[in-house]
K.L.:
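Here it is: the structure, laid out below.
Keep in mind it's a predicted model, so treat the numbers as computed, not measured.
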Amino acid sequence: IIFLIVDLFAAVCTFFPARANALLKYFGKTTVQDYNEPENNQDYSVIYAIGDTAVYENTKMTVLGYEESVGDEWSAPAEGNIFVFVNMELVNNSEEEITVNSMASFESYCDDTKQNYSANAFTAIGSDTERNKMDGTLAKGESLDGWLCLEVPADWTSIEIHYFIKVWSDHTVKFQI
């Protein structure tokens, strides 16, 4: 049983370091070193605008622009909503391969409200032959120019996109439209 508890805690520390730190602080202990992410001086409070390039661990990220849509014959947003297609580019200048997944690597907020997954938006980007989804595995030196599709209220004023550097990380690079 002791080995099981130690193994469980080790798994929590490895895959959820922020949560492990919270547990340790609760019990009055010091925090664990986050082995999944190297120490760096990255300022995660910076919010980048369209055209700005953010750099993290030799990965460059840029929001190139966006387009609004009311859908097509294959998919349409819910009443009162529209689709916003966001064009992004990622360039992998690191030594390691990186994987980008439009569903797992990104989170979006519209007018400060977290947006839930939209099957309509996913279908809209999937049926669009002009736009590649923001999905792929990038080897050293490769780039990905793709699109995210969001379903938001038609009267939106601000969209914030958070790119998770690593899926299990609490650290994000933020862009605002």
Side-chain angles (χ1 to χ4, degrees), residues 15 36-38 40-78 81-177:
F15 295 109
N36 291 331
E37 299 178 45
N40 62 52
N41 294 324
Q42 185 76 29
D43 183 359
Y44 296 103
S45 65
V46 174
I47 299 176
Y48 298 91
I50 294 174
D52 290 346
T53 298
V55 179
Y56 178 81
E57 291 185 9
N58 295 317
T59 301
K60 292 182 178 182
M61 297 150 272
T62 308
V63 170
L64 303 172
Y66 72 93
E67 298 172 12
E68 295 182 354
S69 170
V70 293
D72 58 23
E73 68 272 8
W74 302 104
S75 61
N81 288 351
I82 61 168
F83 294 134
V84 175
F85 293 98
V86 181
N87 185 210
M88 298 184 75
E89 179 183 48
L90 271 74
V91 180
N92 181 10
N93 291 322
S94 72
E95 297 297 318
E96 298 179 11
E97 186 176 84
I98 62 170
T99 300
V100 180
N101 180 287
S102 57
M103 291 176 61
S105 302
F106 299 92
E107 212 172 64
S108 63
Y109 296 81
C110 181
D111 299 327
D112 296 323
T113 301
K114 185 176 185 305
Q115 299 300 291
N116 294 321
Y117 168 77
S118 167
N120 292 339
F122 192 75
T123 302
I125 195 72
S127 66
D128 190 325
T129 59
E130 301 293 315
R131 298 180 178 100
N132 296 320
K133 287 190 288 184
M134 202 61 196
D135 294 311
T137 300
L138 306 175
K140 176 183 175 182
E142 289 186 333
S143 65
L144 174 64
D145 185 342
W147 296 79
L148 297 176
C149 186
L150 312 172
E151 183 174 350
V152 300
D155 63 349
W156 71 276
T157 58
S158 174
I159 294 174
E160 196 169 290
I161 296 171
H162 296 196
Y163 169 65
F164 286 88
I165 289 93
K166 295 181 176 125
V167 175
W168 299 109
S169 172
D170 291 332
H171 298 208
T172 62
V173 175
K174 299 173 184 86
F175 293 91
Q176 187 168 22
I177 298 172

K.L.:
For Asn92 and Ser94, does a side-chain donor sit closer than 3.5 Å to a side-chain acceptor?
P.N.:
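Distance-only check passes for Asn92 and Ser94.
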
K.L.:
Have Glu68 and Tyr66 got a donor and an acceptor in their side chains that come within less than 3.5 Å?
P.N.:
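The criterion, which ignores hydrogens and geometry beyond distance, is not satisfied for Tyr66 and Glu68.
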
K.L.:
Say you draw a straight line from CD of Glu107 to CG of Asn116; how long is it, rounded to the nearest 0.5 Å?
P.N.:
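Here the rounded value is 10.0 Å.
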
K.L.:
Take atom CD of Glu96 as the centre, draw a 6.0 Å sphere, and report whether it contains more than 12 heavy atoms from other residues, nucleotides or ligands.
P.N.:
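Not buried by this count: 12 neighbours or fewer within 6.0 Å.
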
K.L.:
Do Asn120 and Ser75 meet the criterion of a side-chain donor-acceptor pair at a distance under 3.5 Å?
P.N.:
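No, because no side-chain N or O of Asn120 sits under 3.5 Å from a partner of the opposite role on Ser75.
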
K.L.:
Can you give me the closest heavy-atom contact between Met134 and Val100, atom names plus distance?
P.N.:
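Smallest interatomic distance, heavy atoms only, reads O-CG1, 3.5 Å.
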
K.L.:
I'd like to know if the side chain of Glu151 and the backbone of Ala78 have a donor-acceptor N/O pair within less than 3.5 Å.
P.N.:
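Yes, Glu151 side chain to Ala78 backbone: donor-acceptor pair under 3.5 Å.
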
K.L.:
Do the side-chain N and O atoms of Asn87 and Asp145 include a donor-acceptor pair separated by under 3.5 angstrom?
P.N.:
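Distance-only check passes for Asn87 and Asp145.
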
K.L.:
Quick one: pull up CG in Leu64 and CH2 in Trp147 and give me the separation to the nearest 0.5 Å.
P.N.:
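CH2 of Trp147 is found 8.0 Å from CG of Leu64.
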
K.L.:
Among all residues two or more places apart in sequence or in another chain, which pass the ring pair (Phe, Tyr, Trp, His ring centres under 6.0 Å) test with Trp74?
P.N.:
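In terms of ring pair (Phe, Tyr, Trp, His ring centres under 6.0 Å), with neighbours along the sequence ignored, Trp74 is linked to no residue.
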
K.L.:
What are the two closest non-hydrogen atoms of Ile82 and Val70, and how far apart are they?
P.N.:
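Of all heavy-atom pairs spanning Ile82 and Val70, the closest is CG2-CG1, 4.5 Å.
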
K.L.:
So, for Pro153 and Cys110, which heavy atoms are closest and what is the spacing to 0.1 Å?
P.N.:
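That closest heavy-atom pairing would be CD-SG, 3.9 Å.
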
K.L.:
Any idea how Phe122 and Tyr117 line up, ring-wise: parallel (<30°), tilted (30 to 60°), or perpendicular (>60°)?
P.N.:
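Taking Tyr117 first and then Phe122, their aromatic rings sit tilted (interplane angle of 30° to 60°).
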
K.L.:
Identify the heavy atoms of Ser102 and Leu148 that sit nearest to each other, and give their distance.
P.N.:
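Shortest heavy-atom contact: CB-CD2, 3.8 Å.
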
K.L.:
Which heavy atom in Phe175 sits nearest to a heavy atom in Asp52, and how many Å separate them?
P.N.:
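Residues Phe175 and Asp52, closest heavy atoms: CE2-O, 3.9 Å.
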
